[in-house]
Student: 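Below you'll find the structure I mean.
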Amino acid sequence: MPTGRDAPIGMFDSGFGGLTVARAVIDLLPGEHLVYIGDTGRYPYGAKPPADVRRFALELGRSLVDDFGAKAVVVACNTAASVALDELAAVLPVPVVGVVGPGARALVHATSSGRVAVIGTVGTIASGAYERAVAGTGAPVSLVSAACPGFVEFVERDQTTGEEVTVLAQRLLAPVREAGVDALLLGCTHYPFLSGVIGDVMGPGVRLVSSADETAVAVRGALEAAGLLRDGGTGTHRFFSSGDVARFAELGRRLLGPELEEAAAWPETGATKGE
Ligand code: DGL
């Protein structure tokens, strides 16, 4: 297993959503090797009890370090980052980067009016993680939050346009529209795949903000700080799924791009997956 700078960045999400973060990391850090696990066998995380999500996150984080030699772990899932980031950072012997802090920073930079919103899964919104993260930026903004149950399932079904998802978006985003915000954080890594529908519903006066680019910058910062940045060369990219591997490869390639050449089953041995 390669070590030090040549070890891969490990990344996980409940499914395809974290590929938005993987895309940004590959674009910003083309020399880095990447291992991505989509836990499609147990998705969605958003409505699950926080204790279950925490257990999945610890299992995935440990597997990335122990089985793949990851030099850093990126929690490319807001739901998991909202409830498990501190615990992951405490138990894993490598830098751990989440999406909530970077998302909050990107959001407060995007607003002119100071009225902002975040949408996410039920688990993310209920956790209050974004209230804490936005307050932690010190920016004088007022934040509206809304859960959007159902959005993730549309993405996982590859149904990112059309009447059904538009009708749901109109209903779920109504309180956000009424709040008169000028910036909306897509606080679930699946949601950038719905940005066409969400943008149409919110209208041109609202800037949609994704945490992906800011997270990639945070990953670079964490690697630099640890002396682990792999500058130069071409990275390799490996993708794993705990669900239907062929489907993960096929849809994942369309969502991420040509770097997703193939996918394999996780866990590789069947020994580390919980029920
Ligand atoms: N991409 C995950 C997130 O950012 C989706 C969670 C889910 O599986 O419901 O929260």
Side-chain angles (χ1 to χ4, degrees), residues 10-25 36-57 59-61 73-85 88 96-104 106-107 117-131 133 145-160 165 168-169 172 184-195 198 208-216 218-219 239-244 247-248 251-252 255-256 266 274:
M11 185 181 291
F12 73 84
D13 176 48
S14 64
F16 294 99
L19 294 177
T20 55
V21 181
R23 179 74 267 155
V25 167
Y36 180 100
I37 305 174
D39 198 5
T40 44
R42 298 185 294 198
Y43 112 98
Y45 284 5
K48 291 202 164 64
D52 288 357
V53 175
R54 214 170 281 128
R55 183 162 54 85
F56 299 160
E59 190 185 344
L60 287 154
V73 169
V74 182
V75 185
C77 173
N78 289 264
T79 313
S82 293
V83 300
L85 192 71
L88 281 165
V96 177
V97 177
V99 283
V100 173
L107 179 64
V118 60
I119 52 173
T121 66
V122 169
T124 297
I125 298 304
S127 75
Y130 272 106
E131 273 80 7
S145 309
C148 292
F151 275 11
V152 167
E153 287 81 350
F154 273 106
V155 173
E156 295 276 331
R157 283 203 302 268
D158 193 22
Q159 201 178 333
T160 53
V165 62
L168 179 68
L172 294 174
L184 170 61
L185 176 65
L186 307 178
C188 168
T189 52
H190 281 70
Y191 295 177
F193 294 124
L194 296 174
S195 55
I198 296 170
L208 302 188
V209 181
S210 153
S211 56
D213 289 338
E214 192 73 24
T215 301
V219 172
F239 296 87
F240 295 84
S241 163
S242 60
D244 183 335
R247 185 161 185 284
F248 191 85
L251 177 55
L255 294 173
L256 177 97
W266 178 89

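Remember, it's 1-based here, ligands and their atoms both numbered in the order they're listed.
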Student: Tell me which part of T189 gets within contact of ligand 1: side chain, backbone, both or neither, using heavy atoms under 4.0 Å.
Tutor: both

Student: Against heavy atoms of S14, which atoms of ligand 1 measure under 4.0 Å?
Tutor: 5 (C), 6 (C), 7 (C), 8 (O)

Student: Considering only heavy atoms from C-beta outward, does the side chain of V21 approach that of V74 to under 4.5 Å?
Tutor: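 Counting from C-beta outward, V21 and V74 do come under 4.5 Å.
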
Student: Is there side-chain contact between R247 and F16, with heavy atoms separated by less than 4.5 Å?
Tutor: yes

Student: Please examine the side chains of F239 and L19, heavy atoms only from C-beta on, and report whether any two atoms are closer than 4.5 Å.
Tutor: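 Yes, at least one pair of side-chain atoms sits under 4.5 Å.
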
Student: As an exercise, identify every atom of ligand 1 less than 4.0 angstrom from a heavy atom of N78.
Tutor: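 Heavy-atom distances to N78 below 4.0 Å select 3 (C), 4 (O), 10 (O).
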
Student: Output the list of atoms in ligand 1 that are nearer than 4.0 Å to some heavy atom of T121, sorted by atom number.
Tutor: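 Those of ligand 1 that fall under 4.0 Å from T121 are 6 (C), 9 (O), 10 (O).
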
Student: Could you tell me whether the side chain of L60 reaches within less than 4.5 Å of the side chain of W266, counting heavy atoms only?
Tutor: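 Side chain of W266 against side chain of L60, heavy atoms only: contact under 4.5 Å found.
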
Student: Looking only at protein heavy atoms, identify the closest one to atom 9 (O) of ligand 1 and say how far it is in Å.
Tutor: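 Checked against all protein heavy atoms, atom 9 (O) of ligand 1 sits closest to G46 N, 2.8 Å.
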
Student: Taking the side chain as every heavy atom from C-beta outward, state whether L88 and V75 have any atom pair closer than 4.5 Å.
Tutor: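 Of all side-chain heavy-atom pairs linking V75 with L88, at least one is under 4.5 Å.
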
Student: Can you see whether T40 engages E156 through a side-chain donor-acceptor pair at a distance of less than 3.5 angstrom?
Tutor: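 No - no donor-acceptor pair under 3.5 Å links their side chains.
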
Student: Can you pull out the closest protein heavy atom to atom 7 (C) of ligand 1? Residue, atom name and distance to 0.1 Å, please.
Tutor: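 Atom 7 (C) of ligand 1 sits closest to the protein heavy atom Y45 N, 3.1 Å.
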
Student: Please report whether ligand 1 has a polar contact with D13, defined as an N or O pair separated by less than 3.5 Å (distance criterion only).
Tutor: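 Yes, at least one N or O pair falls under 3.5 Å.
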
Student: Test your reading of the structure: does G18 have an N or O sitting under 3.5 Å from an N or O of ligand 1?
Tutor: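 No; the residue has no nitrogen or oxygen that sits under 3.5 Å from a nitrogen or oxygen of the ligand.
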
Student: Does C77 reach ligand 1, in the sense of a heavy atom lying below 4.0 Å from it?
Tutor: yes

Student: If I take atom OH from residue Y45 and atom CG from residue N78, how far apart are they, to the nearest 0.5 angstrom?
Tutor: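 Between Y45 OH and N78 CG, I get 13.0 Å after rounding to 0.5 Å.
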
Student: Check whether any N or O atom of T79, backbone or side chain, sits under 3.5 Å from an N or O atom of ligand 1, and answer yes or no.
Tutor: yes

